[in-house]
Amino acid sequence: MKRVLITGAAGFLGSHLCDRFIREGYHVIGMDNLITGDMKNIAHLMPLKEFEFYHHDVSKFVHVSGKLDYILHFASPASPIDYLKIPIQTLKVGSLGTHNLLGLAKAKGARMLIASTSEVYGDPLVHPQTEDYYGNVNPIGPRGVYDEAKRFQEAITMAYHTYHGVETRIVRIFNTYGPRMRLNDGRVLPAFIGQALRGEDLTVFGDGSQTRSFCYVDDLIEGIYRLLHSDYALPVNIGNPDEITILDFAKEIIKLTGTTQKIIYKDLPVNDPMQRQPDITKARALLNWEPKVSRAEGLKITYDYFKNLSPEELNKVEHKNFEAYVKQ
Ligand code: NAD
Ligand code: UDP
């Protein structure tokens with residue numbers, strides 16, 4: 001039986017990856033320190049003998065006994081508000097955490113895939129973003145703690161590949177959504193759906209003309225699975241090229257939820273990227289991959305998930321002073 005270590009296992013993407021690898025017949029070791037994750041995302045896996053969970057901070061030395069075939073490093077805060085709240089942990093998990101896991105991959109002869117991000121392109125001057133674009137990142141801006149940790153993560157991963165011959169894969173993930181996102185993590189989709197469900201106005205930052213391209217989680221997981229099993233070591237964009245302005249996205253959520261609330265405008269956060277769309281030519285050619293789930297289908301499934309949360313979860317307010325975080 002192949003053995004895979006998945007870090008960030010109790011988070012949104014990590015938990016979906018655990019499900020996929022269990023379904024494919026792997027022995028899965030999930031690791032998480034629960035800083036932004038939740039055990040409820042993997043509660044259904046805990047009784048399985050093919051699944052083990054280690055509560056551990058991967059920025060500290062990582063030990064796993066027995067053989068390991070693959071490591072997927074997904075541990076990291078991912079929402080701008082999360083990484084503004086815990087900037088040092090964000091820098092550490094992308095740098096020290098990645099270093100520890102590469103060391104483990106080298107010791108075990110495992111192949112390692114890292115979760116990079118469209119944020120390595122910063123506020124991009126090239127559109128849509130191709131993998132050969134170097135990006136436009138402000139290292140000392142509020143998002144620098146995340147963007148630079150991820151850029152360092154790519155650099156050290158390539159160094160282990162080149163100098164130690166570790167087999168590595170780099171996925172650059174564009175905005176992905178779906179069930180198990182935290183309703184209060186501050187990202188735009190849970191923010192808007194949460195506001196609609198609580199009967200609050202929807203907060204559009206800036207004038208809403210900035211764009212994003214949203215990928216449904218099942219499509220992303222398929223792309224990652226294919227990339228892991230490919231022989232390609234350079235970065236690959238995985239995302240859905242269907243681009244939309246944030247204002248139009250808010251209108252879609254209003255239509256979907258039937259809320260009678262209105263849109264209100266707040267300040268645009270510093271260094272908020274103005275446009276983002278993946279060029280997925282590489283993923284199409286190398287992995288024969290492209291997204292299959294339309295935004296309409298994906299949003300419906302995600303809305304149904306959020307609708308069924310308990311009133312306690314719905315009303316939990318994690319980020320009381322939103323603007324204090326986003327302005328800086
Ligand atoms: P998430 O916050 O739901 O999951 C992250 C998980 O990592 C959480 O369970 C958290 O507790 C865990 N974690 C954080 N620091 C840790 C540490 N030091 N040790 C152990 N566990 C730790 O976020 P997500 O959306 O699932 O993102 C997962 C990964 O994918 C991240 O690396 C993120 O940068 C990347 N990514 C996500 C997106 C997206 O749209 N969801 C886009 C680009 C990149
Ligand atoms: N956004 C918004 N209202 C919110 C939350 C986010 O208008 O309540 C905007 C945010 O400014 C950004 C976009 O939505 O332009 C996507 O934000 P998110 O935090 O989801 O992720 P990002 O792509 O910026 O990392």
Side-chain angles (χ1 to χ4, degrees), residues 6-17 30-39 41-42 54-60 62 72-84 86 89-94 96-98 100-101 114-120 123 143 146-147 149-150 153 171-178 180-182 185-195 200-215 217 220 224 237-239 244-247 249-250 253 263-276 319 322-323 326:
I6 300 177
T7 75
F12 164 48
L13 297 181
S15 64
H16 284 280
L17 281 169
M31 192 172 279
D32 205 296
N33 68 351
L34 303 179
I35 195 161
T36 61
D38 194 324
M39 285 303 288
N41 290 333
I42 46 170
Y54 293 177
H55 186 180
H56 182 68
D57 177 350
V58 301
S59 300
K60 306 206 168 94
V62 181
L72 287 92
H73 182 28
F74 277 68
S76 170
S79 148
I81 292 185
D82 283 342
Y83 56 73
L84 288 170
I86 44 173
Q89 288 97 324
T90 302
L91 281 157
K92 283 169 78 174
V93 73
L96 306 180
T98 306
N100 289 334
L101 292 158
I114 57 155
S116 188
T117 165
S118 50
E119 282 283 325
V120 299
D123 188 5
R143 301 171 86 104
Y146 181 71
D147 301 7
K150 292 290 184 179
Q153 181 181 45
V171 57
R172 290 188 182 151
I173 302 169
F174 283 65
N175 297 65
T176 298
Y177 69 96
R180 301 188 193 152
M181 290 184 100
R182 227 164 71 238
D185 81 0
R187 285 185 270 193
V188 67
L189 181 140
F192 285 171
I193 292 189
Q195 287 162 342
E200 298 166 2
D201 292 333
L202 275 65
T203 52
V204 165
F205 297 161
D207 63 5
S209 62
Q210 71 274 33
T211 67
R212 293 294 184 273
S213 307
F214 296 98
C215 182
V217 61
L220 178 86
I224 290 170
N237 290 339
I238 299 282
I244 184 172
T245 67
I246 292 301
L247 182 58
F249 188 60
I253 300 290
I263 289 171
I264 55 170
Y265 295 88
K266 302 267 182 183
D267 287 342
L268 188 68
V270 174
N271 295 146
D272 197 298
M274 288 313 292
Q275 50 181 3
R276 186 182 284 160
H319 305 297
F322 238 58
E323 278 144 277
V326 295

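Reckoned from all heavy atoms, side chains included, excluding hydrogens, waters and symmetry mates. Order of appearance sets the numbers: ligands from 1, and atoms from 1 within every ligand. What you see is a predicted model, and the numbers here were worked out from it, not measured in a lab.
Shortest non-hydrogen contact noted between A78 and Y83 is O-CE2, 3.8 Å. For the residue pair F74 and I224, the shortest heavy atom distance occurs at CZ-CD1, 3.7 Å. The two atoms that bring V93 and A75 nearest to each other are CG2-O, 3.5 Å, heavy atoms only.
Side chains of Q195 and T203: a donor on one and an acceptor on the other come within 3.5 Å.
Taking a cutoff of 4.0 Å between a charged side-chain nitrogen and a carboxylate oxygen, E119 and R143 qualify as a salt bridge. The existence of a salt bridge linking D82 and R182 is confirmed by a sub-4.0 Å separation between a basic side-chain nitrogen and an acidic carboxylate oxygen.
Neither the backbone nor the side chain of L202 comes within contact range of ligand 2; no heavy atom lies under 4.0 Å. Proximity of K266 to ligand 2, defined as any heavy-atom pair under 4.0 Å, is not found for any part of the residue. Of all the heavy atoms of D57, the ones lying under 4.0 Å from any atom of ligand 1 are found in both the backbone and the side chain. At a heavy-atom cutoff of 4.0 Å, ligand 1 is contacted by no atom of E119, backbone or side chain. If you look at S79 next to ligand 1, there are no close heavy atoms at all, none under 4.0 Å. With a 4.0 Å heavy-atom cut-off, ligand 1 is reached by the backbone of D32 and by its side chain too. When heavy-atom distances to ligand 2 are checked against a 4.0 Å cut-off, I246 comes that close only through its side chain, counted from C-beta outward. Contacts with ligand 1 closer than 4.0 Å are made by side-chain heavy atoms of Y146 only, the backbone lying farther away. Counting heavy atoms under 4.0 Å from ligand 1, residue H73 does not touch it at all.
For M181, the closest heavy-atom approach to ligand 1 does not fall below 4.0 Å. Under the 4.0 angstrom criterion for non-hydrogen atoms, R143 is in contact with ligand 2. Heavy-atom distances between S79 and ligand 2 stay at or above 4.0 Å for every pair. Heavy-atom distances between R172 and ligand 1 stay at or above 4.0 Å for every pair. Ligand 1 lies less than 4.0 angstrom from a heavy atom belonging to S59. Residue contacts with ligand 2 include F192, since one of its heavy atoms falls under 4.0 Å from the ligand.
For a threshold of 3.5 Å applied to N or O pairs, the pair formed by V188 and ligand 2 contains at least one separation below that value. Of the polar atoms of I35, at least one N or O is found under 3.5 Å from an N or O of ligand 1, judged by distance alone. In terms of polar-atom proximity, defined here as any N/O pair under 3.5 Å, Q210 does make such a contact with ligand 2. Looking at R212 next to ligand 2, an N or O pair under 3.5 Å apart turns up. Considering backbone and side-chain atoms alike, D272 places an N or O below 3.5 Å from some N or O of ligand 2.
Looking from atom 10 (C) of ligand 1 to the surrounding protein, the closest heavy atom is T36 OG1, 3.2 Å. Of all protein heavy atoms, the one closest to atom 41 (N) of ligand 1 is R187 NH1, 3.0 Å.
Separation of atoms CG (N41) and CE (M181) is listed at 11.5 Å; rounding is to 0.5 Å. Distance check, rounded to the nearest 0.5 Å: CZ of F205 to CD of Q210 gives 9.5 Å.
Distances from atom 44 (C) of ligand 1 to the heavy atoms of G178, G239, S116 put S116 nearest. Considering L247, T203, L189, D185 only, the shortest heavy-atom separation from atom 3 (N) of ligand 2 involves T203.
The contact set between ligand 2 and V204, taken as ligand atoms under 4.0 Å from a residue heavy atom, comprises 7 (O).
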